[in-house]
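Whatever order the structure lists ligands and atoms in, that order sets their numbers, starting from 1. One is the number of the first residue; the rest follow in order along the sequence. It should be emphasised that the depicted structure is a prediction, and the values quoted were computed from it without experimental measurement.
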Amino acid sequence: MTAARALVTGATGQDGSYLVEQLLDEGTEVHAMVREGDGVALPEGVVRHVGDLTDGAGLEALVADVEPTEVFNLGGLSSVALSWAEPALTAQVTGVAVGHLLKGSWDLQERTGHPVRFVQASSAEVFGWAGPPQDERTPIAPVTPYGAAKAFAHHLVAVYRRRGLHASSCILFNHESPRRPEAFVTRKITAGVARIVAGQQDELSMGNLDARRDWGWAPDYVDAMVRALRHGTPGEYVVATGASHSVRDFVAAAFAAAGVDRWEHLVTLDPRFARPSDAPEQRGDPSRAAAELGWAPTVPFEELVARMVRHDLDLVRAG
Ligand code: NAP
């Protein structure tokens, strides 16, 4: 059997950084496509390739050049909010790029006769306003430019799977960690709570506290993608905890983790942060991933929030 050689896009992101660590630990040869050259820190042993998801020909050439046995597509414009400002760029980076990576993988497999496996970081946003619980049979009906781009990519992965490529989609529900940037609501909350406790910030300015999301621990979701790629047959898998919590629950858990019981007066509502098109509730049913991949989430909600808060308290204390 050929030794595993992985090509990873998005290696500098939250998930990509955990994925690279997991693959290196397993002894896999890891090639990462990054946007910048030496300016970006990658773990020792990773082979760096400078490229961009907007460069379709470059993506196909990269796959042909690296000759990976495994392609993990985690790169993309990953913010729903940003996708409203940049719908066409989102379509290109999060949607069209996947076509080039799939074509590159298919062509490589045809040329060398060696199988190439592909996994796509799909998203619960492809389900739009569908009521919970969402699973693999829930209709694809996105309501945001980000969701539409992910939906296109999701369909294209299925097309290549039907053609004979071992191509899987993991339909990822929200997953968090201390590596989430503050542009995302969870990290905005935990970093804000830490600064409030340290006296560096007065209040948290929030949009919609009622939206409910299914939040899990990012390294678990990365592990699900590895499991999907290594599974005998390719497929589509909802990756979620099966439980939802409101943004208000997240705020309360974050203040509790920082030792603050009464927090309501520290939170204000600002319509600028509200996103009216957001689905009221995302809650995934991960039964298929459990049954076929032996996957299960390992970190409960309160512990996930507490880990992020502890990290952010350490950061503010370190100055
Ligand atoms: P992230 O932290 O935002 O990382 C995105 C990665 O994509 C970064 O490495 C970024 O590189 C790269 N990227 C963006 N535009 C690029 C371009 N034009 N060319 C090359 N690389 C580009 O996202 P994440 O949270 O790790 O998520 C990983 C994947 O899962 C994404 O596809 C995301 O849409 C999907 N997903 C995430 C969640 C979640 O809750 N986290 C849920 C569902 C689906 P730079 O460092 O150069 O910016």
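Applying the 4.0 Å criterion to heavy atoms of Asn174 picks out, from ligand 1, the atoms 40 (O). Short contacts between ligand 1 and Lys150, defined as distances under 4.0 Å to a heavy atom of the residue, involve ligand atoms 31 (C), 32 (O), 33 (C), 34 (O), 35 (C). Near Ser123, with a cut-off below 4.0 Å to any heavy atom, the atoms of ligand 1 are 43 (C), 44 (C).
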Could you give the side-chain donor-acceptor pairs of residues 167-174 under 3.5 Å, partners two or more places apart or in another chain?
from: Ser168; atom 1: OG; to: Gly235; atom 2: N; distance (Å): 3.0
from: Ser168; atom 1: OG; to: Gly235; atom 2: O; distance (Å): 3.4
from: Ser169; atom 1: OG; to: His154; atom 2: ND1; distance (Å): 3.3

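Of the possible polar contacts, one joining the Asp55 side chain to the Gly58 backbone as a donor-acceptor pair under 3.5 Å is found. Looking only at distances, a side-chain donor or acceptor of Gln14 sits under 3.5 Å from a matching main-chain atom of Ser177. When atom types are taken as modelled, the side chain of Arg5 and the backbone of Glu29 share no donor-acceptor pair closer than 3.5 angstrom.
Looking at atom 29 (C) of ligand 1, its nearest protein heavy atom turns out to be Leu74 O, 3.2 Å. Annotation: atom 6 (C) of ligand 1 to nearest protein heavy atom, Gly10 CA, 3.6 Å. At the shortest separation from atom 26 (O) of ligand 1 among protein heavy atoms lies Asp15 N, 2.8 Å. Of the protein's non-hydrogen atoms, Asp52 OD1, 2.9 Å is the one closest to atom 18 (N) of ligand 1. With respect to atom 19 (N) of ligand 1, the closest heavy atom belonging to the protein is Leu53 N, 2.9 Å. Residue, atom and distance of the protein heavy atom nearest to atom 47 (O) of ligand 1 are Arg35 NE, 3.0 Å. In this structure, the protein non-hydrogen atom closest to atom 43 (C) of ligand 1 is Leu172 O, 3.2 Å. Given atom 46 (O) of ligand 1, the protein heavy atom at minimum distance is Thr12 OG1, 2.6 Å.
With a 4.0 Å cut-off on non-hydrogen atoms, Glu36 does not touch ligand 1 at all. In Tyr146, the part holding a heavy atom less than 4.0 Å from any atom of ligand 1 is the side chain. Looking at Gln14 against ligand 1, both its backbone and its side chain come within 4.0 Å, counting heavy atoms. Of the heavy atoms in Met33, only side-chain atoms (C-beta onward) come closer than 4.0 Å to ligand 1.
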Would you check, one step at a time, whether the test side-chain hydrogen bond (donor to acceptor under 3.5 Å, both in side chains) holds for Asp285 with Gln134?
-> CA-CA 6 Å; Asp285 175 357; Gln134 296 92 10; over 6 Å; no
Given salt bridge (charged side-chain N to carboxylate O under 4.0 Å, His left out), test Asp107 with Arg111 step by step and report yes or no.
-> CA-CA 6 Å; Asp107 289 350; Arg111 175 164 64 80; over 6 Å; no
side-chain hydrogen bond (donor to acceptor under 3.5 Å, both in side chains) between Tyr237 and Glu292, worked out | CA-CA 9 Å; Tyr237 300 97; Glu292 293 187 17; 3.1 Å; yes
Apply side-chain hydrogen bond (donor to acceptor under 3.5 Å, both in side chains) to the pair Arg195 and Gln201, showing each step before the final yes or no.
-> CA-CA 5 Å; Arg195 285 193 291 264; Gln201 185 174 319; 2.8 Å; yes
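Residues passing the ring pair (Phe, Tyr, Trp, His ring centres under 6.0 Å) test with Phe127, sequence neighbours excluded: none.
Both the sub-6.0 Å distance and the 45° axial angle are not jointly satisfied by Arg187 relative to the ring of Phe184.
Between Gly13, Gly16, Gly76, Pro181, it is Gly76 that holds the heavy atom closest to atom 7 (O) of ligand 1. When Gly216, Ser78, Ala121, Ser122 are ranked by how near their heavy atoms come to atom 44 (C) of ligand 1, first place goes to Ser122. Of the candidates Glu176, Gln92, His175, Arg179, the one placing a heavy atom closest to atom 39 (C) of ligand 1 is His175.
Taking a 4.0 Å cut-off on heavy atoms, Glu125 fails to register as neighbouring ligand 1.
The aromatic rings of Phe250 and Phe301 sit perpendicular, their planes meeting at an angle over 60°, well past the 30° parallel limit. Ring geometry, Trp295 versus Tyr221: the interplanar angle exceeds 60°, so the pair is classed perpendicular (tilted spans 30 to 60°).
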